[in-house]
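Written below as structure tokens is the structure these notes are about.
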Amino acid sequence: MSTTTWDIDLQDLWGGYNNTKILKGINGSLPAGKISVILGGSGCGKSTLLRHILGLNHPMQGKIHIGGHDFFSLPKDQFRKIRRRMGVLFQDGALLGSLTLGENVGLPLAEHTKLPPKTIRTIVLHKLGLVGLADYIDYYPNELSGGMRKRAGLARAIVMDPEILLCDEPTSGLDPINAAEMDQLLLSMKEHFPSMSIVVVSHDLESLYKIADNVLVIHEGQAAYCGDLEGLKKHNDPYLKQLLGRQPNSTTQPVISLGADVQEELSKWLKK
Amino acid sequence: MQQQTGTRTTAIAALGRSTIDFVSSLGEIFLFLIEGVRLIFSSPKQLTKIIRQMYFIGSKSLFVISLIGIFTGMVLGLQGYYTLVKFGSEGLLGAAVSLTLIRELGPVLTAIMITGRAGSSMAAEIGVMRISDQIDALDVMDINPMAYLVSPRIAASIICFPLLTALFDVIGILGGYLTGVTMLGINSGVYFYRIDTNVVMADITGGFLKALVFGIIVATISCYQGYNTHRRTDSVGPESVSNSTTAAVVLSCVLILVSDYIITSFLL
């Protein structure tokens, strides 16, 4: 598998939870060596798509090809081998609360290799150094800020030098400086690991313009666009224009008045 | 008339559905246990995790078990003395206290105490891990969450429950000694002589068997409830963790008492 190019191809992918269909026939490609951003409004199925790519959810229909392999048709051991080539940054880092940062980041190494603890600690320090957290190796996740937890999650995601790095909303909930730092980190990952496929789920337009080489836009469970960033900017599709222009839906009207009787009743209580 | 028949059919259907649900969840819990036990032996690295859990379930429960043990023994000593003295048999106090503790109260009270202390925290910790993507993160790292979270807890419970029960029994017998001998004046030699002559090996093995079964029940139910927090239909998010924890404690306690009756009826 060492010479494999780790492209991710989605072919007529249908998926969801229980009987609810969220992904409705997505086609698209997330090429290796590039940062691909999966973009879309809240609840459009971005995170669901990510869970399918990770193999956490099984598609209802269609296929996901990873590195040329039909991911869900592989025998169990092959499926696991490919999964080990993936690193994931979950929305809140998903660090194990009972372990220190060092133990969290070193967990995959401790479980899958026979490396001595000293070597593992050296590797962990290096990875934490890449995300600027080397001094926090013995801290517990609850002693860190949200941004630091995300960076630690990124360090854990890259500890096994994965071929595919998947990040679920890495900048959500971060202040502008931390969000910019996270973007910078992802760009430096691309520089450090040129063959790595980096897939970022996001609805942060600023981040999109900074990091994306390739964009997959999802709208109502389907791929509204798949291609490079420049193509997306020039596209004439009304939804894509609305999304990139941050325009509200014309049917959504803000509620201005509560109604005189309700307002009066509320005012009485507020004055008490 | 037709409406009455319809209501009856609906009631019977609901009863049938809940029976099927109950039986299928029993089956699921059993399969969960089998998988958990199988994975205990999946890797030598499991030993470290088992020792960590033994520290949590065992060492950290020592104080509470000792405390409950001494007071249970003291109460048994008091109650036993005032009952036996009516028949002029207060010399049998040692036998009464030790047999009650070894055969019945030791395993049951120890199990219930550990359920409150460790079982609830197993369910809550695993439940929080489930709703905060930590279990998915383990899965994606190709670390089997069952092997990482459930198996060490089951193994540690299998080891710790009988040991803590033994401690409870010993401290309880000393509690009985405190009230019976020190406070109420029974002869010390008689107290221990009656224990020596009345307690047989079958009583001790029976008590340990119960402790072992209770350990498996508490660990399995608590881990199962936590692990399946996301599948709860009555609640979501943090509330589902709290409901899983409550369910783990209540179900464990009920099953401890039910299985206690079943084991006792086989042992007698």
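By convention in this document, chain letters (A, B, ...) are assigned in the order of the sequence lines, proteins followed by strands, and residues within each chain are numbered from 1.
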**Study point:** Side chain, backbone, both or neither of A/Leu95 within contact of chain B (heavy atoms, under 4.5 Å)
**Key:** backbone
**Study point:** Spacing of NE2 belonging to A/His112 relative to NZ belonging to B/Lys45, to within rounding of 0.5 Å
**Key:** 8.5 Å
Point to revise | Which atoms of B/Met129 approach chain A - backbone, side chain, both or neither, heavy atom under 4.5 Å | key: side chain
Point to revise | From B/Tyr148 atom OH to A/Leu96 atom CG, the distance as rounded to the nearest 0.5 Å | key: 5.5 Å
Check your understanding: Could you give the distance from CG (B/Asn144) to CZ (A/Arg80), rounded to the nearest 0.5 Å?
Key -> 7.5 Å
Check your understanding: What part of A/Ala157 lies closer than 4.5 angstrom to a heavy atom of chain B: side chain, backbone, both or neither?
Key -> neither
Study note, to complete from the structure: When every non-hydrogen atom of B/Met141 is compared with those of A/Pro108, the smallest separation belongs to SD-CG, 3.3 Å
Review point. Tell me, side chain or backbone of A/Leu56 under 4.5 Å from chain B's heavy atoms, or both, or neither?
Key: side chain
Review point. Can you check side-chain contact (heavy atoms from CB on, under 4.5 Å) on A/Leu54 and B/Asp139, steps first, answer last?
Key: CA-CA 10 Å; A/Leu54 288 170; B/Asp139 207 358; over 6 Å; no
Practice item. Run the numbers on A/Lys81 and B/Asp142 for side-chain contact (heavy atoms from CB on, under 4.5 Å), then give the verdict. Key: CA-CA 9 Å; A/Lys81 263 187 191 169; B/Asp142 199 27; over 6 Å; no
Point to revise | Greater than 12 external heavy atoms within 6.0 Å of A/Tyr139's OH | key: no
Review point. Can you name the nearest heavy-atom pair linking B/Ser132 to A/Ala94, along with the distance?
Key: O-CB, 3.8 Å
Review point. Is the number of heavy atoms from other residues, nucleotides or ligands under 6.0 Å of A/Lys34 NZ greater than 12?
Key: no
Practice item. Might you confirm whether atom CZ of B/Phe63 has over 12 heavy atoms from other residues, nucleotides or ligands at distances under 6.0 Å? Key: no
Point to revise | Heavy atoms of other groups near B/Phe56 CZ, more than 12 under 6.0 Å | key: yes
Check your understanding: Which bit of B/Ile135 comes within less than 4.5 Å of chain A, counting heavy atoms only: side chain, backbone, both or neither?
Key -> neither
Review point. Does some side-chain heavy atom of A/Asp92 sit less than 4.5 Å from a side-chain heavy atom of B/Asp133?
Key: no
